[in-house]
Amino acid sequence: MDPQQTRREELQVMPLEDLRAMVPQKLDSYELTGPQDLTVSILQALFEFAPNEVGQRNIAVGILASTTDDGLFQLAERYRIGLLLSMRAAGGRTPPVSRQSANVDEVPTSSILPPTSCDRRTMRELVLMRENYRCVVTGRCDLDSLLVEKTIMRQGEDATVVAAAHILPFTLIPRSNDPLSLQRSDMVWRTIAAFSGISPDELSGDKINRAENGVSLDPAMHMVFRDLSLCFGSTSD
């Protein structure tokens, strides 16, 4: 058996606390190739901000199973291209991704996400209702909902058109059965699944529009969010 695969299997069954202690040591041993080398910064951020323990374990295993500095560099590149650049480009076209750079071997997918027809109107209504028809960041009231009296504006509040922004973007779903489009989508979603711990099957087809994948944002906050300059943390509520 491949020694790296053996190592990965060993790491998969280790307690997460042990992995958390080992990751900083592994990254500290990496030798930067120059001031533009963001390998350690990318992997540290991914490990720290993975949204759940499944995602954090996937990131840790990928880091600790890499036997060389080049292996760590390639891992960071997979996430940079397959996750960060793809999410940032969600308002337009997903950037071209090669199989070598985007394939995250440790996260299998049962199927390529099928093309979707959207029901974003229903999603928006559910997300706005959940958030009392307001932006979760600024508290600005949704103008459309105000006009049809679904909510009332309190003293000192401002109104605007509030969007139901996709957390995992709708535009990452393939819009045709073109083999290249489906292949690219599969590669990107493998990377997203590794980081998020969410199976692509949970967001296939119209399920990309489920309310759990949406957050209510006013236009300014939506732009900041799409630019990956805004993130949210978990709360006790």
Side-chain angles (χ1 to χ4, degrees), residues 2-30 32 37-88 90 97 101-110 113 136 165-169 172 186-204 207-208 210 212-215 225 227-237:
D2 177 14
Q4 189 174 26
Q5 180 61 31
T6 301
R7 176 60 171 161
R8 180 174 286 116
E9 292 177 357
E10 293 172 350
L11 292 167
Q12 287 285 7
V13 298
M14 289 182 62
L16 184 56
E17 287 302 318
D18 291 351
L19 298 179
R20 287 171 176 156
M22 296 163 64
V23 165
Q25 300 173 20
K26 179 72 172 181
L27 294 179
D28 285 344
S29 69
Y30 179 84
L32 296 174
D37 187 347
L38 299 178
T39 297
V40 173
S41 297
I42 290 173
L43 294 178
Q44 281 180 334
L46 290 169
F47 181 66
E48 179 178 353
F49 293 106
N52 53 45
E53 292 187 354
V54 175
Q56 193 169 57
R57 177 178 291 277
N58 288 335
I59 302 295
V61 169
I63 293 171
L64 297 171
S66 299
T67 57
T68 64
D69 281 358
D70 184 64
L72 287 173
F73 176 82
Q74 292 298 331
L75 180 66
E77 280 295 284
R78 293 173 193 168
Y79 282 106
R80 185 181 72 85
I81 296 173
L83 177 66
L84 301 178
L85 292 186
S86 296
M87 294 281 283
R88 196 168 201 170
V97 180
S101 64
N103 183 31
V104 180
D105 297 331
E106 64 268 25
V107 182
T109 54
S110 60
L113 289 172
V136 297
H166 285 78
I167 298 171
L168 294 180
L172 292 181
D186 184 50
M187 294 172 187
V188 169
W189 279 94
R190 284 177 184 271
T191 311
I192 291 175
F195 171 71
S196 67
I198 298 173
S199 166
D201 292 338
E202 295 183 43
L203 293 170
S204 63
K207 287 185 284 186
I208 191 73
R210 59 198 287 187
E212 294 88 343
N213 190 40
V215 58
F225 184 62
D227 196 42
L228 301 186
S229 298
L230 173 67
C231 65
F232 297 95
S234 60
T235 68
S236 58
D237 296 337

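Sequence positions, counted from 1, serve as the residue numbers for this chain. Only this structure's heavy atoms are used, side chains among them; waters, hydrogens and symmetry mates stay out. Quick caveat: nothing in here was measured; it's all calculated off a predicted structure.
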Nearest 0.5 angstrom please: [X] [atom1] to [Y] [atom2], how far?
| X | Y | atom1 | atom2 | value |
| --- | --- | --- | --- | --- |
| Q74 | D69 | CD | CG | 12.0 Å |
| I42 | L75 | CD1 | CG | 10.0 Å |
| T67 | D70 | OG1 | CG | 9.5 Å |
| T191 | L85 | OG1 | CG | 11.0 Å |
| L43 | R80 | CG | CZ | 12.0 Å |
| Q5 | E9 | CD | CD | 4.5 Å |

Considering residues at least two apart in sequence or located in another chain, which fulfil the salt bridge (charged side-chain N to carboxylate O under 4.0 Å, His left out) criterion with [X]?
| X | answer |
| --- | --- |
| D227 | R88 |
| E17 | R20 |
| R57 | none |

Could you pull out all residues at least two apart from E10 that satisfy side chain to side chain contact (heavy atoms under 4.5 Å, CB included)?
->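 By the side chain to side chain contact (heavy atoms under 4.5 Å, CB included) rule, E10 matches T6, R7.
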Specify the closest pair of heavy atoms between [X] and [Y], including all atoms of both residues, with the distance to one decimal.
| X | Y | result |
| --- | --- | --- |
| K26 | I63 | CE-O, 3.5 Å |
| I208 | H166 | O-CD2, 3.3 Å |
| L11 | A65 | CD1-N, 3.7 Å |
| V40 | L27 | CG2-O, 3.8 Å |

Does S229 use its side chain to pair, donor to acceptor, with the backbone of F225 at less than 3.5 Å?
->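 No, S229 side chain to F225 backbone: no donor-acceptor pair under 3.5 Å.
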Across all chains, not counting sequence neighbours, the ring pair (Phe, Tyr, Trp, His ring centres under 6.0 Å) partners of F73 are none
All side chain to side chain donor-acceptor pair (under 3.5 Å) counterparts of T68, not counting sequence neighbours | none
Set of residues satisfying side chain to side chain donor-acceptor pair (under 3.5 Å) with respect to D37, sequence neighbours excluded | Y30, T33, T39
Between [X] and [Y], is any pair of side-chain heavy atoms under 4.5 Å apart?
| X | Y | answer |
| --- | --- | --- |
| V215 | I167 | yes |
| L83 | R78 | no |
| Q56 | I59 | no |

List the atom pairs, donor and acceptor, that lie under 3.5 Å between side-chain atoms in residues 46-53 and the rest of the protein, sequence neighbours left out.
residue, atom, partner, partner atom, Å
N52, OD1, V54, N, 3.2
N52, OD1, G55, N, 2.8
N52, ND2, S196, O, 2.6

